Each structure stands twice: as C-alpha cells, then as structure tokens.
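All values below were derived from every heavy atom in this structure, side-chain atoms included, with hydrogens, water molecules and symmetry-related copies excluded. Both ligands and their constituent atoms are indexed starting at 1 by order of listing. Just so it is clear, the structure is predicted and the values come from calculations on it, not from any experiment.
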Amino acid sequence: MSMFRAPKGTFDVLPPESGQWRTAHRVFEELAVQFGYGLALTPLFEDTDVFSRGVGGDTEVVEKQMYTFTDRGGRSVTLRPEATASVVRAAIQSGGVSTRLKASYWGPMFRYERPQKGRYRQFYQGGVEYLGSSSPEADVEVIEFGYRYLERMAVPDVEVRVNTIGDTADRERYSDVLRAYLHERYDHLSSDARKRVTTNPMRVLDSKVDADVVRDAPTPGQYLGKAAEDHFAAVRTGLESLAIPYTVDPKLVRGLDYYNRTVWEYVPLSYDAAQSSVGGGGRYDGLFELLGGKPTPAVGLAMGVDRILLASRPSGTSLELDAFVVVAEDTLRSEARQLVSDLRRSGIRVDMNDEPRSVKAQFKESDRRGAAHAVVVGDEWSHGDVTVKDLRTGEQRQIQVKEIETWLRA
Ligand code: HAM
C-alpha cells in the first residue's frame, strides 16, 4: 500500500519540534490576557457568504483561495480563510456589541495558495479583535499588541508599516482617480488587474506583478477627509509616545476588502522568504453592517505563527521538562512512580520511562526529552535522599526527597 502523506501545502508538527509551537501559543495567550482580551471560539467553517461578503468578492482570498464545498444538506460552506469575519458574525449573532468586546483567537486558517516557504494551505494565526471602539487609541493598542508579541517571540528587526486608506467617501474619491490612472496604463496591466480596474482598483496597488505599473500611482493618503486624517495623526502620535518604531508606507492597502482608515503590517527586515509579513491588521468600521449587524467600529490583527517561527531567532533547545526521573534500582519503581505523581501534583513538569531500562539509556532519554534535571532514585532512597543532576551544567548532588521541589524550582 502506498504511504499516506499530509496533503500538499500542509504539514505535521510533532515533538520535540512542536515545543516551539507550544511556546508560541503560550506567549500569545499570556499577552492576550495581559491586554484584556477574552477568548473567542468560532467554527472552522462558516456559510460561504460570511467570507464572500465579509472579506470581499473581488479579493484574491475569495476569488481564488477558498476551500468551499457543498455539505450533505446542500449548503455551501467554506473552511475559514481568516477569522475576523467569523468573530464579527458571532458578535452579531449574540446580539451585537453594546460597549466594548475584546476577543482573541488562535488556530488554523485555510487558503488554497501555491505552497512555498512561509506560505501554506493550512496555516496558523493568533489574532485579536477590538470591537466597539472608534478611538485611535484602540488602533494603537492593537498595533502595540502585535509588536510586543514579536518582541517576546524574539523576531529581530521588525518594521511596523502603517498607512491609512481613509473612510468610504475618501476611498470612492481616491478610487476614481486611481481608476483613471490605471486606464491610461491598461495595456501594461496583468489580466487580474484589468478586471479590477472597474470593480476594485485599490486591489491593483496590492498586486506584485503590477508593481512597476503602479510605482508612481496616486496613493490613498492624498485623498483623505479631515476625520480620517485626524485619526491617522492620533495613531501616529500614540505609537510615538509608546516608542513603537514605524514607517508610513503610502501604498500599503492590504488584501482584504473590509478595511478603512488605519492598516498595518509587521515585516521582519532580516527574513529572507518572499512572504514577508508576519502579521497585519487594520480598522474595519463597516464590517458589522456588511454582515447584517448594527454599525459598530472595530479594529484587529492576526499574527502568522508559521512565519514568526521561521523568522524568530532560535533561543537554544527549549526545556520541555523540569525533571526526568531515572530509576537506578528496579525494586524502587513504584516509589519512583509515586514521586513523579507527587511532583506533577505540585505543578512540576516531570516524566519517567514506563519500562525498565539501563541507567545510561534513561539519562539519554532525559536529554532527548529536553529535561532540565535528572532525578536518580537509587540506593540513597533508603536514607530519604535522591541524586539530582543539572543536565545543562553537569552539576550533581545528593539532596533530601522533600527538598526536590524547591531545588527544581530554583
Ligand atoms: P492577513 O494579512 O490575510 O490578515 O493574514 C495575517 C497574517 O497571516 C499574514 O501577515 C501572514 O503572516 C499570515 N498568513 C496569511 N496567509 C498565509 C499563508 N497562506 N501561509 C502562512 N501564513 C499566512 C488577516 O487574516 C486578517 N483577518 C487580520 C485582521 C484581523 N484584520 C483585522 N483583524
């Protein structure tokens, strides 16, 4: 029988490499809690319209990348390509947002893309959505969230690129100007771009193959109304007061249609892959209405975990266990088991082999499992002692069983 493999564009993560995924998730959760974001769990699939309406029918994501199928009940459903539309759908379904709702999520997203390093068909995002606030301070907070996450994940040299695409009326004005500009260069545009000149010209700014044609194109920032302009100025001041370095990228428009005003991306400058942004977000004050809800301002971001792990500086092997218990005398197996159980109940990460093995083999296993210490249960047990070895320094000493916990925590 031929061997099964993970589908194209997907991958497995197994121990011990999965340790860094766990860290990425834990750090994200800690930060979300510190910033006051609760947890949102939404289905991995939705009615297709949630995305085609929410994300926008003219976007690459909706036109070319959705995993859409008809279920056994004849409904068109789609594996979520992103979670913002789902979170907004859920907020509307639960009765809307009366004051503020701050929600975070973590999990797989699905886009039918051409797979390459840093671009997959199933990839992982950690995201936050700040619903119900129109204040530029909310934008600043969300931008800061992503920046701090990258800091804690040790991603070096991150550039925060920000821009504003204005409000609906500004965008309409700007789109007319851009449409005229693109019409003059129609013959040089790609076939995708030609389709969008009429329906959604701003998408062309985003197109890599048309980069040369749009190099000197007018930008949204030149057509802002007063409200959007003031909002953007306040966002920039907020970032400066928190000392978050940023650059204004006047052509940054992002690939999803629901945005207005502030948009941004995080780009690690030393990251060599073609897929450069490790996260991005923006304000989306119109999305609630698009999905049938009451007008509700909102801003959010999603961080691309796969790319963050590719770009982060490896911080040495991660320690997966505080201790590995080595049974030197097989007659002491049940005492060793009891010790493991007691330590686990005290919150220590500890394991042992469940079959008799030589001491040497057990030490090898403690290294392989990423343990910080080996705790040897042997002859000294009869005096109430164990031998503890620090596996990083090689330092070894005999201590009393009742001291183990303190020692391991030190
Ligand atoms: P996005 O820019 O489409 O935004 O995705 C956010 C991040 O997900 C990207 O910066 C990238 O790191 C990662 N990503 C996207 N596609 C792939 C892929 N095929 N393979 C690997 N990583 C990928 C959103 O999804 C919005 N929902 C963000 C948002 C939240 N805006 C407001 N709230």
Side-chain angles (χ1 to χ4, degrees), residues 8-11 24 28 32 37 40 42 46 50-51 54-56 59-62 64-67 79-89 91 101-131 133 138-139 141-143 145-146 149-150 153 155 158-163 165 203 206 252-268 271 273-288 290 296-312:
K8 186 172 177 189
T10 72
F11 54 86
F28 182 85
Y37 288 86
T42 60
E46 297 272 356
V50 169
F51 303 116
V55 172
T59 58
E60 286 266 301
V61 170
V62 170
K64 299 185 180 162
Q65 299 175 349
M66 296 217 296
Y67 278 92
L79 297 183
R80 64 179 187 190
E82 62 105 51
T84 310
S86 301
V87 170
V88 168
R89 194 268 310 137
L101 182 69
K102 293 175 69 172
S104 67
Y105 52 84
W106 176 278
M109 309 291 157
F110 307 86
R111 294 183 193 175
Y112 192 85
E113 299 214 60
R114 193 168 331 131
Q116 52 183 273
K117 186 179 171 195
R119 190 200 277 179
Y120 310 104
R121 291 183 175 172
Q122 174 171 333
F123 59 98
Y124 293 79
Q125 284 185 347
V128 299
E129 310 295 347
Y130 192 147
L131 310 178
S133 172
D139 308 31
E141 179 188 291
V142 179
I143 297 173
F145 180 94
Y149 183 57
L150 295 170
M153 289 302 296
V155 178
V158 175
E159 189 169 271
V160 186
R161 296 189 185 156
V162 299
N163 194 23
I165 55 172
R203 286 278 70 81
D206 217 23
L252 180 73
V253 290
R254 309 242 325 117
L256 313 166
D257 263 358
Y258 47 61
Y259 293 118
N260 67 313
R261 296 198 178 178
T262 323
V263 289
W264 70 92
E265 281 179 355
Y266 305 92
V267 181
Y271 182 39
Q275 306 308 319
S276 53
S277 95
V278 293
R283 178 161 279 287
Y284 51 93
D285 298 332
L287 183 54
F288 273 75
L290 271 179
T296 309
V299 56
L301 64 66
M303 306 304 288
V305 184
D306 313 75
R307 293 184 193 172
I308 289 173
L309 290 176
L310 285 171
S312 71

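Aromatic ring pairs are classed by plane angle as parallel below 30°, tilted from 30° to 60° and perpendicular above 60°; the pair W264 and Y266 is perpendicular.
Of all protein heavy atoms, the one closest to atom 33 (N) of ligand 1 is E129 OE1, 2.8 Å. Looking at atom 14 (N) of ligand 1, its nearest protein heavy atom turns out to be F123 CE1, 3.5 Å. At the shortest separation from atom 26 (C) of ligand 1 among protein heavy atoms lies Y258 OH, 3.3 Å. Nearest to atom 30 (C) of ligand 1 among the protein's heavy atoms is T84 OG1, 3.0 Å. In this structure, the protein non-hydrogen atom closest to atom 9 (C) of ligand 1 is S277 OG, 3.8 Å. Closest protein heavy atom to atom 20 (N) of ligand 1: Y120 N, 3.0 Å. Among all protein heavy atoms, the one lying closest to atom 13 (C) of ligand 1 is G304 CA, 3.7 Å. If you check which protein heavy atom lies closest to atom 27 (N) of ligand 1, you get E82 OE1, 2.6 Å.
Each of E129, R89, Q125 was evaluated against T84; a single residue qualifies, E129, per the side chain to side chain donor-acceptor pair (under 3.5 Å) test.
Proximity to G281 (heavy-atom distance under 4.0 Å) selects the following atoms of ligand 1: 31 (N). Per-residue contacts place V278 under 4.0 angstrom from the following atoms of ligand 1 (heavy atoms of the residue considered): 10 (O), 12 (O). Ligand-side atoms of ligand 1 in range of Y284: 32 (C), 33 (N), range being under 4.0 angstrom from any heavy atom.
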Mind running side-chain hydrogen bond (donor to acceptor under 3.5 Å, both in side chains) on Q65 and Y67 for me, showing each step along the way?
CA-CA 7 Å; Q65 299 175 349; Y67 278 92; over 6 Å; no
Criterion side-chain contact (heavy atoms from CB on, under 4.5 Å) on L252 and V162, from CA distance to verdict:
CA-CA 7 Å; L252 180 73; V162 299; 5.9 Å; no
Residues F28, Y105; criterion ring-ring contact (aromatic ring centres under 6.0 Å, His included); working and verdict:
CA-CA 9 Å; F28 182 85; Y105 52 84; 7.8 Å; no
Checking M303 against L150 for the side-chain contact (heavy atoms from CB on, under 4.5 Å) test, could you report, in this order, the C-alpha distance in whole Å, the side-chain angles of both residues, the deciding distance, and whether it holds?
CA-CA 9 Å; M303 306 304 288; L150 295 170; 3.6 Å; yes
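No side-chain heavy atom of V263 sits under 4.5 Å from any side-chain heavy atom of V253.
The residue among Y112, Y105, Y259 with a heavy atom at the shortest distance from atom 29 (C) of ligand 1 is Y259. The closest heavy-atom contact to atom 6 (C) of ligand 1, among the options Q125, E265, R254, comes from Q125. Nearest-heavy-atom check against atom 21 (C) of ligand 1 across G118, A311, G126 picks out G118.
By the criterion of a heavy-atom distance under 4.0 Å, the side chain of L256, and not its backbone, is placed next to ligand 1. At a 4.0 Å heavy-atom cut-off, ligand 1 touches E113 through the side chain alone. Contacts of Y124 with ligand 1, taken as heavy-atom pairs under 4.0 Å, are absent altogether.
Of the possible polar contacts, none joining the R161 side chain to the E265 backbone as a donor-acceptor pair under 3.5 Å is found. Under the 3.5 Å distance criterion, the side-chain polar atoms of D306 are matched with a main-chain donor or acceptor of Y124.
Under 4.0 Å is where a charged nitrogen must lie from a carboxylate oxygen, and between E46 and R80 no such pair does.
For a threshold of 3.5 Å applied to N or O pairs, the pair formed by P81 and ligand 1 contains no separation below that value.
Residue V155 comes nearest to P268 through the heavy atom pair CG1-CB, 3.8 Å, listed as atom of the first residue, atom of the second, then distance.
The structure places CG of L131 at 4.5 Å from CZ of F288, a figure rounded to the nearest 0.5 Å.
The shell of residues lying under 4.0 angstrom from ligand 1, judged by heavy atoms, includes G279.
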